[in-house]
Participant: 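Quick one: structure below, then a few questions.
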Amino acid sequence: MEKSLSGGRFLLVTILNVVITIFELLGGLLSGSLSLLSDAFHNLGDALSIVLSYVAHRIGGRRQTRSNTYGYRRAEILAALLNAGVLILISLILAVEAVRRLLHPEPVKGDVMLVVAVVSFLANLFSTVLLNHGAKHNLNIRATYLHLLSDALASVGVIIGAILITVWQVSWVDPVITILVAGYISYESWPIIKQTFGILMEASPKLDYEAIAHDLCQLPKVEGVHHIHAWLIDENNIAFSVHVNMDNLPLSEIEPIYRQIETLLCHKYGINHVTIQAECRRGKDEDLFFKQNDWRHD
C-alpha cells in the first residue's frame, strides 16, 4: 500500500469510526432517530471493515511461496467481497426497519439529531479523504472507502432530515432518508461484488483477444496462435497463457521471440504474467479459445 495509506492512517480512521459509532448511538437513543441509529451501526461495520481491509492488504503483500505460487493477493479480493456483501445486508435490514417506521411513526428530536449528524458528517468526510487515493487502484480499499463515503452521504441525509423535522415536525422524513441511503449503498456496492466474484471465478479480463492474436501473428516466425487463457490474480494483475505455432527452431532462436511476445502483451495490453507454449504443427487449425472437451489434449 502506498505511504499515504500507511497503518497509521488506517488506525486513525478506525478510531474515528469507533468514536462516531458511540456518539451516534447515544444521539440516536436520545433523539429517537432511526437514521442516526442506522448510521451508527453502519459506522461500526466500517470500523470492522477498515481492520479487515488493512489485515487483508498486509496478507496480500506477502511474497509467493511453494504452496501459493501466485502469492496472497486474493486475500484483498475476498475482503472486498465480504465488505461489499455486509454493506448490502446492512442496507436491507435498515430498509425493512425504515418501512416499519413509516407504517408506525415515532417522535424524533430534530435538534439533537442535527448536532450529532453534523459532527458525524465532518468525521466521515475526513476519513474518506484519508483513504481516497488508494481507492482508485485497489478493490479492497475501494470497498472500505465506499463504506466511509456512504456514511458521509448518510450524514448529509440525516442533516437534511433533522432540519425538516425541526422546522416542520415531519418525522416520516427520517425513515424515508434511511431508505434512500440504503438504496444508494446497495447500488454502489453491487459492482464490487460483481467484479470480485468474477475474479474469484477466474473470469477472463476484458481484452481484445482477436487483436492480440492478430498482433502476435505479425511477429517474425510466428505462424499461428491458439488456446488462449487469461485470468485476473487481482484487479491489477493479469495472467495469460497461449500456444504459439512456429517453425522447427532451436531454443536459442525461440527465446528472443518469447521476449517479443512478452513485451508486446505487457506494453500494449497490460498483461504482466505470460506463459507461452511453442508448437510446430500441433493445434495449428484449432480454435483461438480452449474447448472443454479438449482438456486432456491441452
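Numbering of residues begins at 1 and proceeds along the displayed sequence. Only this structure's heavy atoms are used, side chains among them; waters, hydrogens and symmetry mates stay out.
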Participant: Just do the side-chain contact (heavy atoms from CB on, under 4.5 Å) check on Thr21 and Leu25 with the steps written out, would you?
Facilitator: CA-CA 6 Å; Thr21 298; Leu25 277 173; 4.1 Å; yes
Participant: Should Val225 and Tyr269 be counted in the same cluster of Ile, Leu, Val, Met, Phe, Trp and Tyr side chains packed under 4.5 Å apart?
Facilitator: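 Yes, same cluster.
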Participant: Does this structure show an ion pair linking Glu262 with Arg259, if we count only N-O contacts that are shorter than 4.0 Å?
Facilitator: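 Judged by the 4.0 Å cut-off on N to carboxylate O distance, Glu262 and Arg259 do not form a salt bridge.
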Participant: I'd like to know if Ile22 and Leu30 are part of one continuous hydrophobic network [Ile/Leu/Val/Met/Phe/Trp/Tyr, side-chain heavy atoms within less than 4.5 Å].
Facilitator: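 Different hydrophobic clusters.
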Participant: Does the side chain of Arg101 come within less than 4.5 Å of Val99's, by heavy atoms?
Facilitator: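 Sidechains of Arg101 and Val99: no contact.
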Participant: Ser155 and Ala117: which non-hydrogen atoms are nearest, and at how many Å?
Facilitator: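 Shortest heavy-atom separation between Ser155 and Ala117 comes out as CB-O, 3.8 Å.
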Participant: Per the side chain to side chain contact (heavy atoms under 4.5 Å, CB included) rule, which among Ile261, Asn272, Leu265 passes with Phe240?
Facilitator: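 Checked Ile261, Asn272, Leu265 against Phe240; only one passes side chain to side chain contact (heavy atoms under 4.5 Å, CB included): Leu265.
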Participant: On a heavy-atom basis, which atom in Thr166 and which in Gly110 lie closest, and how many Å separate them?
Facilitator: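 For Thr166 versus Gly110, the nearest heavy atoms are OG1-C, 3.1 Å.
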Participant: Using 0.5 Å steps for rounding, measure from the CD atom of Gln195 to the CG atom of Leu200.
Facilitator: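 Between atom CD of Gln195 and atom CG of Leu200 there are 11.0 Å.
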Participant: With a 4.5 Å cut-off on side-chain heavy atoms, are Glu253 and Pro250 touching?
Facilitator: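 Yes, side chains in contact.
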Participant: Rounded to the nearest 0.5 Å, what separates atom NZ in Lys109 from atom OG in Ser31?
Facilitator: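 Nearest 0.5 Å value for the NZ-OG distance: 8.0 Å.
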Participant: Around atom OH of Tyr258, are there more than 12 heavy atoms of other residues, nucleotides or ligands at under 6.0 Å?
Facilitator: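 Counting neighbours around OH of Tyr258, more than 12 heavy atoms of other residues, nucleotides or ligands fall under 6.0 Å, so yes.
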Participant: Got a second to check how far Arg62's CZ is from Ile59's CD1, nearest 0.5 Å?
Facilitator: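 Result: 7.0 Å between the selected atoms.
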Participant: Has the side chain of Asn124 got a donor or acceptor atom that lies under 3.5 Å from a matching backbone atom of Ser120?
Facilitator: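 Checking the backbone N and O of Ser120 against the side chain of Asn124, a donor-acceptor pair under 3.5 Å is found.
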Participant: Using atom types as modelled and distance alone, determine if a side-chain donor or acceptor of Tyr209 lies under 3.5 Å from a backbone N or O of His229.
Facilitator: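 Pair absent, no side-chain N/O of Tyr209 close to backbone of His229.
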Participant: Any link between Leu264 and Ile257 through a network of hydrophobic side chains (Ile, Leu, Val, Met, Phe, Trp, Tyr) touching at under 4.5 Å?
Facilitator: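 Hydrophobic grouping puts Leu264 with Ile257.
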Participant: Check whether any side-chain heavy atom of Thr65 sits under 4.5 Å from a side-chain heavy atom of Tyr72, and report yes or no.
Facilitator: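 Yes. Closest side-chain heavy atoms under 4.5 Å.
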Participant: Do you know the tightest heavy-atom contact between Lys221 and Leu249?
Facilitator: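 Smallest heavy-atom distance, with atoms named: CD-CD1, 3.8 Å.
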Participant: Salt-bridge test for Asp234 and Arg74: reply yes if a basic N is under 4.0 Å from a carboxylate O, no otherwise.
Facilitator: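 No, Asp234 and Arg74 are not salt-bridged.
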Participant: Between Pro175 and Leu102, what is the shortest heavy-atom contact and its length?
Facilitator: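 Minimum heavy-atom contact is CG-CD2, 3.7 Å.
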Participant: Under the 4.5 Å side-chain heavy-atom rule for ILVMFWY, direct or indirect, which residues accompany Leu89?
Facilitator: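 Besides Leu89, the cluster holds Ile93.
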Participant: Should Leu114 and Val108 be regarded as members of a common hydrophobic cluster, given that ILVMFWY residues are connected when their side-chain heavy atoms come within less than 4.5 Å of each other, either directly or indirectly?
Facilitator: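 No, separate clusters.
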Participant: With a 4.5 Å cut-off on side-chain heavy atoms, are Val176 and Leu180 touching?
Facilitator: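 Sidechains of Val176 and Leu180: in contact.
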Participant: Test His273 against Asn237 for side-chain contact (heavy atoms from CB on, under 4.5 Å), laying out the working first.
Facilitator: CA-CA 8 Å; His273 183 90; Asn237 292 282; over 6 Å; no
Participant: Could you check whether any side-chain heavy atom of Asp247 comes within less than 4.5 Å of a side-chain heavy atom of Glu223, counting everything from C-beta outward?
Facilitator: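 Asp247 vs Glu223: side chains touch.
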Participant: Which distance, rounded to the nearest 0.5 Å, do you find between the CD1 of Ile177 and the CH2 of Trp172?
Facilitator: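 These two atoms lie 9.0 Å from each other.
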Participant: Distance check, rounded to the nearest 0.5 Å: Asp215 atom CG versus Gln260 atom CD?
Facilitator: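 Asp215 CG to Gln260 CD: 13.0 Å, rounded to 0.5 Å.
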Participant: For a 4.5 angstrom cut-off between non-hydrogen side-chain atoms, does Ile90 reach Leu94?
Facilitator: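 Ile90 vs Leu94: side chains touch.
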Participant: Can you tell me how far apart NE2 (His227) and CD (Gln277) are? Round to the nearest 0.5 Å.
Facilitator: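 Output value for this atom pair is 9.5 Å.
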Participant: Report yes if the side chains of Val158 and Met113 come closer than 4.5 Å at any heavy-atom pair, otherwise no.
Facilitator: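 Yes - at least one pair of side-chain heavy atoms lies under 4.5 Å apart.
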Participant: Evaluate the side-chain contact (heavy atoms from CB on, under 4.5 Å) criterion for residues Leu82 and Leu78: first the C-alpha distance (whole Å), next the side-chain angles of each, then the deciding distance (0.1 Å), finally the verdict.
Facilitator: CA-CA 6 Å; Leu82 180 60; Leu78 287 169; over 6 Å; no
Participant: Show your reasoning for whether side-chain contact (heavy atoms from CB on, under 4.5 Å) applies to Ile163 and Val167.
Facilitator: CA-CA 6 Å; Ile163 294 172; Val167 177; 4.3 Å; yes
Participant: Between Ser33 and Asp174, is any side-chain donor less than 3.5 angstrom from a side-chain acceptor?
Facilitator: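 A pair is found: one side chain offers a donor N or O, the other an acceptor, under 3.5 Å apart.
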Participant: Taking all heavy atoms of Thr196 and all of Ala80, pick out the closest pair and write down the distance.
Facilitator: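 Thr196 and Ala80 have their closest heavy atoms at CG2-CB, 3.8 Å.
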Participant: Would Met201 end up clustered with Leu207 when hydrophobic side chains under 4.5 Å apart are linked, directly or stepwise?
Facilitator: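 Met201 does not cluster with Leu207.
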Participant: Which atoms form the tightest heavy-atom contact between Ile238 and Ile271, and what is the distance?
Facilitator: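 For Ile238 and Ile271, the tightest heavy-atom pair comes out as O-CG2, 3.9 Å.
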